[in-house]
A.B. asks: 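Have a look at the structure that comes next, please.
Lettering follows sequence order; numbering is per chain, from 1.
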Amino acid sequence: MEKLRTLRGFRDVFGEEIQKFNLIENVSRKYFNLFGFKEIEIPVLEKTELFVRSIGDTTDIVEKEMFTFVDLGGDSVTLRPEATAGMVRAYLQEGLYAKERISKVFTIGSMFRHERPQKGRYREFHQVDVESFGTDDPLIDAELLWMITLILKELNVAEYTVEINSVGCKECRESFRDELVSYFETKKDHLCEDCLRRLERNPLRIFDCKNSQCIDVTQSSPFLFDSLCEGCQTHFETFLKHLNDFNIVININKRLVRGLDYYSKTVFEITSGDLGAQKAFVAGGRYNNLVEEMGGPSTPAIGFAIGVERLALITSIDALSGKPSYFFAYVGEEAKNYLVPILRSFISEGLSFNYAYEGKSLKSQMRFADSLCADYVLILGDDEIAKGIIVMRDMRNKNQHELSLDPQGLAKAVLKLTL
RNA sequence: GUGGGUGUAGCUCAACGGUUAGAGCAUCAGGCUGUGGUCCUGGGGGUUGAGGGUUCGAGACCCUUCACUCACCCCA
């Protein structure tokens, strides 16, 4: 029989990695709450159209990376490849724009992209996603980056680069596009196949190309950054000023463009050299037109996503929580009768507890306790029962104490001794 | 979609084309029938990813296929 295993690019997350995931989520939540962001959980599965319309039908994600299928009702549905589209949909569907002047929301969960898996990239991956609707003030652009740096600091991530750029508004992009196309037309024979295709459909993406010839061509090309309209330029300069106020060190990268069509003005990426090719672990930007394009009122917005797997790769986890753990070792059937009362006592005091279900030898139980890294082992056998006591062994220094055998009061007595 | 690497015990890996495929770690047990980590002894655990071929003989060589992995592409 064929062995059952996960689908390609899908994984079981456990052990140290899940601890890191939890840590990342907890630290993120903490700061989101401090900054006034509210959690919202949105569906993993949405109508395909939602993603096609928001992300853009010429993007790689939509063209070849979505888990799309027809459901039993005949609708084309898609597992979300990113969170922003669903967040915008929720913002409109739930009428948040009418309920509050500014909506600051976040969500945490799985995303799906049908790509070839490699280090730090899987078909199911996790993102922490943050969105702010309702203001174009560059102060919030800087505030988001500040919040991210605080989270990274608490997670002990020190080696990273914040790259920022502005991709302008619709208007400056429109006029720049013609300028760019005419420049690349003259360099056509130096561009790779992909870039020739990009030239037709989405010329800005040529800046994304890793091909050395294409990079050469872009060296002397005009940059959108240099032909921003006055409004976008002021927006960017104010953004820079606020970043400086928050004491955030950044790197302006005129080549930085995003792979999704909806971005405008501010875009940013946070990268780490420790991640190899998949070096971006946080990315985001402003998208002032998307809400309107999706059928809502004209609403400026900005958001970002943290790649949890990638962040976990560069996060080192400290020692586990300081709470001691206890193990109950018993010898003989009579001792086992004390198990449940003692268990109840421990749980009601909130003490972490474990034991061997089959009795086995005391030696075996001690080994088990050791393998679980128990801090204390409570030992109960015929001798102790006869004397009305229970022995508590400190596994680190091998000291043993005798406690009176009173199941109800045992946890309290143990607490007094061990804390 | 393209290219490279790798598939042998739960994990990490050995085994020149030649007995019954081994070792370390892990696990279980014993030494020490009431005390963990160290030590010693032993046990269990394998369709060598799958299928075909070459050969007297294949874990090894050839072909096919699958999977994993890294990189490209793209992205978080």
A.B. asks: Would you measure the distance from the P atom in B/C25 across to the matching atom in B/G42 and give it in whole Å?
C.D. replies: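 Those two atoms are separated by 13 Å.
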
A.B. asks: Should the pair A/K30-A/E154 be classified as a salt bridge under the 4.0 Å nitrogen-to-oxygen rule?
C.D. replies: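 A/E154 and A/K30: salt-bridged.
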
A.B. asks: Starting from the 5' end of RNA chain B, give me the residue, A/T6 or A/V308, whose nearest nucleotide shows up first.
C.D. replies: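 Going by which nucleotide is closer to the 5' end, it is A/T6.
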
A.B. asks: Remember a base hit wins even if backbone is also touched, and classify A/A369 as base, sugar-phosphate or nothing at under 4.0 Å, heavy atoms.
C.D. replies: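 Result for A/A369 = nothing.
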
A.B. asks: With both distances under 3.5 Å as the test, what is the Watson-Crick or G-U wobble partner of B/C39?
C.D. replies: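 B/C39 is paired with B/G31.
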
A.B. asks: Under the 3.5 Å rule, do the base of B/G34 and the side chain of A/E384 count as making a donor-acceptor pair?
C.D. replies: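 Pair found.
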
A.B. asks: Would you tabulate the pairs of protein nitrogen or oxygen atoms and nucleotide nitrogen or oxygen atoms of nucleotides 38-42 of chain B closer than 3.5 angstrom?
C.D. replies:
none

A.B. asks: What about A/Q365: does its side chain form a donor-acceptor pair under 3.5 Å with the base of B/U35?
C.D. replies: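 There is none.
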
A.B. asks: Please report the distance separating the P of B/G3 from the corresponding atom of B/C63, rounded so that it comes out in whole Å.
C.D. replies: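 Taking atom P in both B/G3 and B/C63, they lie 16 Å apart.
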
A.B. asks: How far does the C1' atom of B/U64 sit from the matching atom of B/C11, given to the nearest Å?
C.D. replies: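 Here B/U64 and B/C11 have their C1' atoms 30 Å from each other.
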
A.B. asks: Test your reading of the model: is there a side-chain donor-acceptor pair from A/R310 to the backbone of A/G120, 3.5 Å cut-off?
C.D. replies: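 Side chain of A/R310 to backbone of A/G120, a donor-acceptor pair under 3.5 Å: yes, one is there.
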
A.B. asks: Ignoring backbone atoms, establish whether A/R8 has a side-chain N or O less than 4.0 Å from OP1 or OP2 of B/C68.
C.D. replies: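 Result: yes.
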
A.B. asks: Apply ring-ring contact (aromatic ring centres under 6.0 Å, His included) to A/Y326 and A/F353, showing your working.
C.D. replies: CA-CA 5 Å; A/Y326 304 87; A/F353 200 78; 7.6 Å; no

A.B. asks: B/C61 pairs with which nucleotide, Watson-Crick or G-U wobble, both distances below 3.5 Å?
C.D. replies: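 Base partner found: B/G53.
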
A.B. asks: With a 3.5 Å cut-off and no angle check, do the side chains of A/E131 and A/Y287 form a donor-acceptor pair?
C.D. replies: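 Side-chain D/A pair, A/E131 to A/Y287: present.
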
A.B. asks: OP1, OP2 of B/A71 versus side-chain N and O of A/Q118: anything below 4.0 Å?
C.D. replies: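 For A/Q118, the contact criterion (side-chain N or O under 4.0 Å from OP1 or OP2 of B/A71) is met.
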
A.B. asks: Counting only side-chain N and O atoms of A/S364, is one of them less than 4.0 Å from OP1 or OP2 of B/A29?
C.D. replies: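 Result: yes.
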
A.B. asks: RNA chain B: A/K119 or A/F368, which has the more 5' nearest nucleotide?
C.D. replies: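 With A/K119 and A/F368 compared, the 5'-side residue is A/F368.
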
A.B. asks: Is the distance from the ring center of A/Y357 to that of A/F328 below 6.0 Å?
C.D. replies: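 When the ring centroids of A/Y357 and A/F328 are compared, they turn out to be at least 6.0 Å apart.
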
A.B. asks: If we ignore hydrogens and angles and just use 3.5 Å, is the side chain of A/D406 paired with the main-chain N or O of A/L410 as donor and acceptor?
C.D. replies: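 Side chain of A/D406 to backbone of A/L410: no pair is present.
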
A.B. asks: On a whole-Å scale, what distance lies between the C1' atoms belonging to B/G24 and B/G5?
C.D. replies: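 After rounding to an integer number of Å, I get 25 Å for this pair.
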
A.B. asks: Would you say the side chains of A/S110 and A/E124 form a donor-acceptor pair under 3.5 Å?
C.D. replies: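 Checked: A/S110/A/E124 side chains pair up, N/O donor to acceptor below 3.5 Å.
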
